[in-house]
Amino acid sequence: MPTITLPNGDKKSFDKPVSARDVAASIGAGLAKAAIGAKIDGELRDLSTMIDKDVSLAIITAPKPGQAASPDALYLMRHSAAHVMAEAIQDVVGKEVLLAYGPPTDTGFFYDMYVPEGKKISSDHFDAINNRMAEIIKEDRAFTRYEQPGNEGLSRLKSEGNKYKVDNAERAMGMPSSVYKGGKPAFAESSTSSVANSAASSLSFYATGTPGKNWEDLCRGPHVPSTSRIGAARVMSLASAYWHGDENSDRLIRVYGTAFATQAELDEYLRQREEAAKRDHRVIGKNLRLFHIDETVGQGLILWTPKGSIVRKELQTFIAAELKKQGYTEVFTPHIGSLDLYKTSGHFPYYKDSQFPPIIERQTLDKLCTEGCSCADMMRRVEGVSQRLADGINERTRATTIAADRIMADDKLIEGFMLKPMNCPHHAKIFGSSPHSYRDMPVRLAEFGTVYRWEQSGELNGLTRVRGFTQDDAHLFCTEEQIPAEVQGCLSLVKTIFATLGMKEYRVRVGLRDPDSSKYTGSAESWDKAEAACIAAAQSLGVSFSKEPGEAAFYGPKIDFVVKDVIGREWQLGTVQVDYQMGNRFDLSYIGPDNKPHRPVVIHRAPFGSMERFCGVLIEHFAGAFPTWLSPEQVRVLPISEKSFDYADKVAAALRAADVRVSVDSGNDRIQAKVKVAADDKVPYMLIVGPNDEATSAVSLRIRGRANNLGVWPTGEFVRAISEEIGSRKTDYVLNQFIVYKKTSGGAKEMPL
RNA sequence: GCCGCUGUAGCUCAGUGGUAGAGCGCACCCUUGGUAAGGGUGAGGCCAUGGGUUCAAUCCCCAUCAGCGGCUCCA
């Protein structure tokens, strides 16, 4: 006698077990028709799932025309599409392809498969696979679930000779894998891949059609009722992946695909991908000559060309001005620091894998050579030192105070320098170089500081993942009471800058400590206060934020910024981190009202991450069409013919005098070609000048992407308007002024209001 | 770092076991023009680097480097 509670609170009672489909039908024929799955007590299940006890139930429906599919609906469709794709691949490429693991993802799904020697999947197969998928979807075969007792199912899988499925089954049944020998945690532990319920005394299979007759797969489900409910699906790309993500294990082919409720949505998704590809900052950066990466200089090292340098510098000037308003003081520090410094800070040897190796002093090198120390010896020595220091630091981090000199005295075998991986040690030394009273706090030291990190070569990517980058860094040395206000200040800075750049959508993640872990330094009481401050600050922003326990650094809670660009992609930028540890490591203090020394808390903050990444994100956000104040070239004057070159120069000189970045296209192309080129170069304003304009001391205005051939406007007025737009970092100001001008005046000779 | 794909003119890309082509860009000439490409001529390449196979390699094989797509990683 199950009683079923619906999402609106209604209850329905039945006198015998019913399927979710039956419940949908009892509510309405329309709902039953639209239903593709069910959420039973919060868990996504097949529509055919039988219900024999009291539960809460939500029917998952295919979206109505024009409506977006729910995440649950997409999940069902994509998980089902993975089966369809796998079947299609086995039809097209061969049954020898062994299936491993095929879950849905955020944007689609993939299926990892083992392709035996002699067989190959390539993009040449995509058309055939897509066609076969379309056929299967059209055949509208039912996804039919059936269960087999665990041992029976297992021996069946073993007889089929697919060790990957055997492994999945064994894991699902809570058994140690008899086939996978790797040491890494299994991906099969995630809920999407488990093929049985937690009890797992039986295994579930899904036939795409009739069991024993049609294609089948070991699978936990759930699925849509039948293949036609998938809507539209498509194979997207190939990549390699390892079994269990373990590089010592079998190499599998990962075939990516995606599915949507309708072909129109799939087409739209593909269109968006094209749009995103067009915005690729690496492509735009090359076309617009914004930056250059030269393999002779080194991977992941950015050469900022003149145009890109303007964008970066303008951005930096803007951020610096905001920092000044907030009471920051600017400092400069060198790009390297001695190893001792990083032993104190813990960077060496803690993070040695993500840093460039030490720069050894000539004296030390000479000494080592004289001793007959080979490179291998030296590496071992560095490793040995590293290990001992790491062990020592590990032990000591539990103590509330670590005397810097104790760590520094630990080992003098290796002396030298490191390219700095962070700016904080230098800043801590600046703070520590003079006495501080509580009356001076907080001390806010800001630096656009360049740091170097050893990113794995496969991670490097344009401007967004590099080995040398300049952080918009600052360290706020403050009292514990000042934490909330300082964190708040960091967030308001971010808000101002995002607002100016038109990045309206962003969210923050507040990383909190894992309550069950003891790896954190500092007292529970301090943590509570700092976490509360971070949460309160995030709340006050008025944007969405999430609390993420376990995501804090070991030395304090943090706030991460994730910004959404105009086409909806998210980018992780910078962080604000509260640090209780650094004051101890560097033995920093300020004198409190009690005339005794106190430890300052340090807030690290680089809200935009790095200038490199932020510029990369901005290039994609604006698709290279920067607002006027950021544009490398703000105005291009296009003379109609040689006759107007002198006048064009005069116009350009007037703009230049007003600090506008302007150039003159004095090529001998026709005006059409000059307009085309200026548009390709994404110059915000084109001033077309010919004899007519010269006669009236005017310019013919054309605005990038907004309006063509706006007609004439007095030169002086344009200079005034664009100066206003640039000075206030606005967009559209010139256009708006022009519209006002056109409305209120009859022609070019009159002045606008 | 691992796997796969790629590397030909400044850029985007064709192409061939007998040492190379297009379009754009660049230079020059004609054209002197009114809002998204006027016409012509020309310069420009050790075909990523190093080995090998071959009478002969840009092409086939191996290695290296770099880029791309993934995986893993990101204090």
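Letters A, B, ... are given to chains in the order of the sequence lines, protein chains preceding strands, and every chain is numbered from 1.
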Mind checking who [N] pairs with, Watson-Crick or G-U wobble, both distances under 3.5 Å?
{"N": "C59(B)", "result": "none"}
{"N": "A75(B)", "result": "none"}
{"N": "G44(B)", "result": "none"}
{"N": "U16(B)", "result": "none"}
{"N": "G7(B)", "result": "C65(B)"}
{"N": "G25(B)", "result": "none"}
{"N": "G34(B)", "result": "none"}

**Report entry** Tyr555(A)/His604(A) aromatic ring centres below 6.0 Å
**Finding:**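 When the ring centroids of Tyr555(A) and His604(A) are compared, they turn out to be within the sub-6.0 Å range.
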Taking atom types as they are modelled, would you say the side chain of [X] forms a donor-acceptor pair with the base of [N] within the 3.5 Å cutoff?
{"X": "Arg254(A)", "N": "C3(B)", "result": "no"}
{"X": "Arg670(A)", "N": "A36(B)", "result": "no"}
{"X": "Asn692(A)", "N": "G34(B)", "result": "yes"}

Measure from the side chain of [X], starting at C-beta and using heavy atoms only, and say which of [options] lies closest.
{"X": "Pro691(A)", "options": "G34(B), U32(B), G38(B)", "value": "G34(B)"}
{"X": "Arg282(A)", "options": "A36(B), C68(B), A75(B)", "value": "C68(B)"}
{"X": "Ser641(A)", "options": "C68(B), C71(B), U32(B)", "value": "U32(B)"}
{"X": "Glu459(A)", "options": "A75(B), G69(B), C71(B)", "value": "C71(B)"}
{"X": "Lys643(A)", "options": "C71(B), A75(B), U32(B)", "value": "U32(B)"}
{"X": "Gln299(A)", "options": "A37(B), G34(B), A66(B)", "value": "A66(B)"}
{"X": "Tyr256(A)", "options": "A75(B), G34(B), G70(B)", "value": "G70(B)"}
{"X": "Tyr555(A)", "options": "A36(B), A75(B), U31(B)", "value": "A75(B)"}
{"X": "Asn668(A)", "options": "C30(B), G33(B), A75(B)", "value": "C30(B)"}
{"X": "Lys286(A)", "options": "U72(B), C11(B), A36(B)", "value": "C11(B)"}

Query - Arg289(A) vs C11(B): side-chain N/O to OP1/OP2 distance below 4.0 Å - result: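 So the side chain of Arg289(A) is outside the cut-off, no N or O lying under 4.0 Å from OP1 or OP2 of C11(B).
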Report task. Could you tell me whether the phosphate oxygens of G34(B), OP1 or OP2, come under 4.0 Å of any side-chain nitrogen or oxygen in Ser700(A)? Result ->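 No, because none of the side-chain N or O atoms of Ser700(A) sits under 4.0 Å from OP1 or OP2 of G34(B).
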What closest approach, in Å, do [X] and [Y] show between heavy atoms, and which atom pair accounts for it?
{"X": "Leu290(A)", "Y": "Pro632(A)", "result": "CD2-CG, 4.1 Å"}
{"X": "Leu476(A)", "Y": "Cys490(A)", "result": "CD1-SG, 3.9 Å"}
{"X": "Arg234(A)", "Y": "Asn130(A)", "result": "CA-OD1, 3.4 Å"}

May I have the distance from [X] (atom [atom1]) to [N] (atom [atom2]), rounded to whole angstrom?
{"X": "Arg453(A)", "N": "A75(B)", "atom1": "CZ", "atom2": "P", "result": "8 Å"}
{"X": "Asp665(A)", "N": "A37(B)", "atom1": "CG", "atom2": "C1'", "result": "13 Å"}
{"X": "Leu460(A)", "N": "C74(B)", "atom1": "CG", "atom2": "C1'", "result": "12 Å"}
{"X": "Arg465(A)", "N": "C71(B)", "atom1": "CZ", "atom2": "C1'", "result": "13 Å"}
{"X": "Leu710(A)", "N": "G34(B)", "atom1": "CG", "atom2": "C1'", "result": "14 Å"}
{"X": "Gln471(A)", "N": "A75(B)", "atom1": "CD", "atom2": "P", "result": "12 Å"}
{"X": "Asp669(A)", "N": "A36(B)", "atom1": "CG", "atom2": "P", "result": "14 Å"}
{"X": "Asp280(A)", "N": "G67(B)", "atom1": "CG", "atom2": "C1'", "result": "12 Å"}

Whole-Å [atom1] distance, [N] and [M]:
{"N": "A9(B)", "M": "C5(B)", "atom1": "P", "value": "22 Å"}
{"N": "G10(B)", "M": "U54(B)", "atom1": "P", "value": "34 Å"}
{"N": "C74(B)", "M": "G4(B)", "atom1": "P", "value": "25 Å"}
{"N": "G39(B)", "M": "U32(B)", "atom1": "C1'", "value": "14 Å"}
{"N": "U58(B)", "M": "U19(B)", "atom1": "C1'", "value": "8 Å"}
{"N": "G44(B)", "M": "A27(B)", "atom1": "P", "value": "16 Å"}
{"N": "U12(B)", "M": "G45(B)", "atom1": "C1'", "value": "16 Å"}
{"N": "G1(B)", "M": "A56(B)", "atom1": "C1'", "value": "40 Å"}

Classify the nucleic acid contact of [X] as base, sugar-phosphate or nothing, counting any heavy atom under 4.0 Å across all strands shown.
{"X": "Gln672(A)", "result": "sugar-phosphate"}
{"X": "Arg613(A)", "result": "nothing"}
{"X": "Ala673(A)", "result": "sugar-phosphate"}
{"X": "Ile640(A)", "result": "base"}
{"X": "Gln456(A)", "result": "base"}

Requested in this report: Using the side-chain contact (heavy atoms from CB on, under 4.5 Å) rule, pick out the option among Asp579(A), Ile603(A), Val602(A) that qualifies with His475(A).
Outcome: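 Of the listed residues Asp579(A), Ile603(A), Val602(A), the side-chain contact (heavy atoms from CB on, under 4.5 Å) partner of His475(A) is Val602(A).
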Requested in this report: Evaluate side-chain hydrogen bond (donor to acceptor under 3.5 Å, both in side chains) for Tyr685(A) paired with Ser631(A), printing each intermediate quantity in order.
Outcome: CA-CA 10 Å; Tyr685(A) 296 104; Ser631(A) 286; over 6 Å; no
Report task. Please confirm whether Arg613(A) makes a cation-pi placement over Trp571(A), using NZ or CZ under 6.0 Å from the six-membered ring centre and within 45° of the ring normal. Result ->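 Judged by the rule (NZ or CZ under 6.0 Å from the ring centre, within 45° of its axis), Arg613(A) is not positioned above Trp571(A).
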**Report entry** Cation-pi check, Arg254(A) onto Phe110(A) ring (under 6.0 Å, within 45° of axis)
**Finding:**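 Yes, Arg254(A) sits over the ring of Phe110(A).
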Query - First of Lys676(A) and Asn461(A) reached from the 5' end of RNA chain B, by closest nucleotide - result: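 With Lys676(A) and Asn461(A) compared, the 5'-side residue is Lys676(A).
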Query raised in the report: Relative to the 5' end of RNA chain B, which residue comes earlier, Gly458(A) or Gly711(A), by the nucleotide with the nearest heavy atom?
Result: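 Its nearest nucleotide being more 5', the pick is Gly458(A).
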Query raised in the report: Which is it for Trp713(A) and Ser700(A) under the side-chain contact (heavy atoms from CB on, under 4.5 Å) test, yes or no, and what are the steps along the way?
Result: CA-CA 6 Å; Trp713(A) 207 13; Ser700(A) 293; over 6 Å; no
